[in-house]
K.L.:
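Please see the structure below; I have some questions.
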Amino acid sequence: QVQLVESGGGFVQAGGSLRLSCTASGILVSIYRMGWYRQAPGKQRELVASITSGGITNGADSVKGRFTISRDNAKNSVYLQMNSLKPEDAAFYYCNADRGGSINFWGKGTLVTVSS
């Protein structure tokens, strides 16, 4: 009964900020690679960033310097702080948990809409 529940998506104007949250149950985020992915219409799903106890892995170059992934083990949650949002950032954002590349879970996604 693993669940990843995202929240924090919404509608913002370009230049605004959002903070996405992903709260896990049934697993401990501390022992999984936790990642944020996004998928825009007509686009492939892409890694935004991921985090493990060993550090952070950046995904899409377009978000580097604007988005920051973090983790709170006590709350069993992972976050994505998104600043200076651009219309091209609009997408469904998904929380992912991966262990050893063989055990993988996805949240249902949260929609981020950015207007110009």
K.L.:
Are L4 and L28 connected, step by step, through hydrophobic side chains (Ile, Leu, Val, Met, Phe, Trp, Tyr) whose heavy atoms are closer than 4.5 Å?
P.N.:
yes
K.L.:
Tell me, do Y37 and F92 make a side-chain contact under 4.5 Å, heavy atoms counted?
P.N.:
no
K.L.:
Is it possible for you to say whether M34 and V2 belong to one hydrophobic cluster, with membership spreading through side-chain heavy-atom contacts below 4.5 Å?
P.N.:
yes
K.L.:
Give me each pair satisfying disulfide (SG to SG under 2.5 Å) with a member in residues 39-70, each pair once, sequence neighbours excluded.
P.N.:
none
K.L.:
Ignoring hydrogens and angles, tell me if any N or O in the side chain of E6 forms a donor-acceptor pair with the backbone of G109 under 3.5 Å.
P.N.:
yes
K.L.:
Can you confirm whether L20 sits close enough to W36 that some side-chain heavy atom of one is under 4.5 Å from a side-chain heavy atom of the other?
P.N.:
yes
K.L.:
Name all residues meeting the salt bridge (Lys or Arg N to Asp or Glu O under 4.0 Å) criterion together with R19; count only those two or more places apart in sequence or in a different chain, and write none if there are none.
P.N.:
none
K.L.:
Measure across S17 and Q81 and return the closest heavy-atom pair with its distance rounded to 0.1 Å.
P.N.:
CB-NE2, 4.0 Å
K.L.:
Which of parallel (below 30°), tilted (30 to 60°) and perpendicular (above 60°) describes Y32 and F105?
P.N.:
tilted
K.L.:
Please name the pair of heavy atoms, one in N58 and one in I56, separated by the smallest distance, quoted to 0.1 Å.
P.N.:
OD1-CG2, 3.9 Å
K.L.:
Would you indicate whether the side-chain heavy atoms of L18 and V112 approach each other to under 4.5 Å?
P.N.:
yes
K.L.:
Are V63 and M82 close enough that some pair of their side-chain heavy atoms sits under 4.5 Å apart?
P.N.:
no
K.L.:
Following the transitive rule for hydrophobic clusters with a side-chain heavy-atom cut-off under 4.5 Å over Ile, Leu, Val, Met, Phe, Trp and Tyr, establish whether L47 and I103 coincide in one cluster.
P.N.:
no
K.L.:
Among all residues two or more places apart in sequence or in another chain, which pass the side chain to side chain donor-acceptor pair (under 3.5 Å) test with S62?
P.N.:
R38
K.L.:
Hydrophobic cluster membership, with links at side-chain heavy-atom distances under 4.5 Å among I/L/V/M/F/W/Y: are I51 and V48 in one?
P.N.:
yes
K.L.:
Please examine the side chains of N96 and N104, heavy atoms only from C-beta on, and report whether any two atoms are closer than 4.5 Å.
P.N.:
yes
K.L.:
Show me, pair by pair, the donor-acceptor contacts under 3.5 angstrom made by side chains of residues 68-77, not counting sequence neighbours?
P.N.:
unit_1: R71; atom_1: NE; unit_2: N73; atom_2: OD1; d: 3.0
unit_1: D72; atom_1: OD1; unit_2: A74; atom_2: N; d: 3.1
unit_1: D72; atom_1: OD1; unit_2: K75; atom_2: N; d: 3.3
unit_1: N76; atom_1: OD1; unit_2: V29; atom_2: N; d: 2.9
unit_1: N76; atom_1: ND2; unit_2: A24; atom_2: O; d: 2.8
unit_1: N76; atom_1: ND2; unit_2: I27; atom_2: O; d: 2.8
unit_1: S77; atom_1: OG; unit_2: T23; atom_2: OG1; d: 3.0
unit_1: S77; atom_1: OG; unit_2: K75; atom_2: O; d: 2.9

K.L.:
Any donor and acceptor pair, going by atom type alone, linking the side chain of R45 with main-chain N or O of Q39 inside 3.5 Å?
P.N.:
no
K.L.:
Heavy atoms only: give me the nearest P87-A14 pair and the separation to one decimal.
P.N.:
CD-CB, 4.1 Å
K.L.:
Does anything in residues 38-116 pair up under disulfide (SG to SG under 2.5 Å), and if so which pairs, sequence neighbours excluded?
P.N.:
C22-C95
K.L.:
Can you tell if the side chain of F67 reaches within under 4.5 Å of the side chain of N83, non-hydrogen atoms only?
P.N.:
no
K.L.:
Grouping I, L, V, M, F, W and Y whenever their side-chain heavy atoms are under 4.5 Å apart, do V78 and I31 come out in a common cluster?
P.N.:
yes
K.L.:
With side chains defined as the heavy atoms from C-beta onward, is the minimum distance between V114 and K86 less than 4.5 Å?
P.N.:
no
K.L.:
Looking at E88, I'd like to know if its CD atom is crowded, meaning that more than 12 non-hydrogen atoms belonging to other residues, nucleotides or ligands lie closer than 6.0 Å.
P.N.:
yes
K.L.:
So does E46 have more than 12 non-hydrogen atoms from other groups sitting under 6.0 Å from CD?
P.N.:
yes
K.L.:
May I ask you to check whether R33 and T52 show a side-chain donor-acceptor distance below 3.5 Å?
P.N.:
no
K.L.:
Return each pair, listed once, that meets side chain to side chain donor-acceptor pair (under 3.5 Å) where at least one residue sits in residues 107-116; pairs must be two or more places apart or across chains.
P.N.:
none
